[in-house]
2 protein chains.
Amino acid sequence: MSDTLLSRCLAKNIRMTSQRQIIIQVIEESDDHPDVDQLYLRSVELDNTISIATVYRTVKLLEEAGLIERLEFGDGRSRYEEAGEHHEHLVDIETGEVHEFYNEELETLKTEIAREMGYDLIDHRLELYGKKRKS
Amino acid sequence: MSDTLLSRCLAKNIRMTSQRQIIIQVIEESDDHPDVDQLYLRSVELDNTISIATVYRTVKLLEEAGLIERLEFGDGRSRYEEAGEHHEHLVDIETGEVHEFYNEELETLKTEIAREMGYDLIDHRLELYGKKRKS
DNA sequence: CTAAATGCAAAACCTTTGCCTCAAA
DNA sequence: TTTGAGGCAAAGGTTTTGCATTTAG
């Protein structure tokens with residue numbers, strides 16, 4: 001079985017509908033970090049009967065199943081991406097572009113800091129906001 | 001001149017009103033990380049004519065002046081704290097308690113990561129979510 | 001006096017929900 | 001057939017805004 005978002009949904013016994021398939025496909029094909037409205041617009045292009053309520057319900061379902069992740073970049077909207085290898089985000093404050101990165105040292109450090117404070121690290125959020133260096 | 005939030009506002013030539021003084025006082029006296037509604041309720045106790053619109057306008061003003069900082073902990077609300085020495089937050093996912101911490105290594109690492117990606121680090125957000133270790 | 005701040009209520013956003021209909025298993 | 005999903009529109013929660021009035025400087 002190919003390891004697609006769809007197959008992962010089926011593996012979790014998530015009831016599959018034509019609307020969910022469309023939304024799942026849209027999420028898979030998006031390599032930016034779309035908000036619900038963007039997902040909705042892209043889905044409607046493929047099936048103009050999909051309602052935004054269904055998009056909201058579907059992202060909530062997929063998030064709770066651990067198949068997608070919700071991001072917040074400080075504007076009021078939630079953005080989503082497929083869950084996969086863990087990584088962080090660097091947001092270009094001039095263009096809005098989002099770059100992903102992963103740094104092992106950072107991961108270790110976060111866990112250590114939490115432990116020193118008497119906590120088990122369950123989750124974390126990190127975003128860097130930067131301006132492209134001109135030099 | 002004592003270094004209070006009020007004096008820092010005056011130093012920036014922010015027009016002072018009785019409502020702003022109250023809200024500023026409330027922010028200074030809060031060592032939790034209140035949202036707008038909490039600030040509003042605490043302010044109303046001191047002056048029952050203050051409206052929540054004024055609280056919204058004031059926190060926006062103070063944030064833009066760099067005198068307070070807006071935090072987001074993943075629920076829909078913005079929380080605020082006085083700007084001061086930079087620090088990060090660890091949120092206890094069981095109690096909601098927020099602990100502050102500072103780690104030099106972390107700061108260095110963030111700046112370095114941004115630079116390696118061709119960016120000057122302008123801002124960043126980091127929250128750790130943890131569960132108190134029982135052992 | 002003049003420009004800016006406040007209060008109030010309405011509106012603007014984003015998100016959730018009730019209810020009835022429709023479809024998946 | 002039964003249980004859950006979708007569509008629609010209404011409602012919720014947070015934040016912003018228009019406008020008339022008041023206040024700081």
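In what follows, every chain begins at residue 1, and chains take the letters A, B, ... in the order their sequences are listed. Excluded from the calculations below are hydrogen atoms, water molecules and symmetry mates; all remaining heavy atoms, backbone and side chain alike, are included.
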| Does any non-hydrogen side-chain atom of E85(B) lie less than 4.5 Å from one of Y102(B)? | no
Rounded interatomic separation in angstrom, taking [atom1] from [X] and [atom2] from [N]:
| X | N | atom1 | atom2 | value |
| --- | --- | --- | --- | --- |
| D47(A) | dA5(D) | CG | P | 17 Å |
| Q21(A) | dG6(D) | CD | P | 11 Å |
| I50(B) | dT23(D) | CD1 | P | 14 Å |
| Y40(A) | dG6(D) | OH | P | 14 Å |
| I24(B) | dT6(C) | CD1 | P | 10 Å |
| R77(A) | dT15(D) | CZ | C1' | 14 Å |
| D75(A) | dT15(D) | CG | C1' | 14 Å |
| L39(B) | dT14(D) | CG | C1' | 14 Å |

| query | Counting any heavy atom closer than 4.0 Å, what does T49(A) reach on the DNA or RNA strands: base, sugar-phosphate only, or nothing? | reply | sugar-phosphate
| request: Answer with base, sugar-phosphate or nothing: what part of the nucleic acid does I52(A) contact at a heavy-atom distance below 4.0 Å? | output: nothing
| remark: Assign each of M16(B) and S78(B) the nucleotide of DNA chain D bearing its closest heavy atom; nearer the 5' end lies the nucleotide of S78(B)
| DNA chain D: 5'-proximal contact among R57(B) and I14(B) (nearest heavy atom) | R57(B)
| query | So, R70(A) and E72(A), do they make that salt bridge, N to O below 4.0 Å? | reply | yes
Report the nucleotide, chosen from [options], that has the shortest atom-to-atom distance to any side-chain atom of [X].
| X | options | value |
| --- | --- | --- |
| Y56(B) | dT15(D), dT6(C), dC14(C) | dT15(D) |
| Q19(B) | dG7(C), dA9(D), dT16(D) | dG7(C) |
| V36(B) | dC14(C), dG7(D), dT15(D) | dT15(D) |
| T17(A) | dT15(D), dG6(D), dC8(C) | dG6(D) |

| query | Mapping R15(B) and T54(B) onto DNA chain C by nearest heavy atom, which one lands closer to the 5' end? | reply | R15(B)
| remark: CG of L128(A) to CZ of R125(B), rounded to nearest 0.5 Å, is 11.5 Å
| note | One should read off an interatomic distance between L6(A) CG and I14(A) CD1, to the nearest 0.5 angstrom, of 10.0 Å
| query | Is the phosphate of dT15(C), meaning OP1 or OP2, less than 4.0 Å from a side-chain N or O of K60(A)? | reply | no
| Presence of R20(B) side-chain N/O under 4.0 Å of dA24(D) phosphate oxygens OP1/OP2 | no
| task | Evaluate the ring planes of H99(B) and Y119(A), with Trp represented by its six-membered ring, and classify them as parallel (under 30°), tilted (30 to 60°) or perpendicular (over 60°). | result | tilted
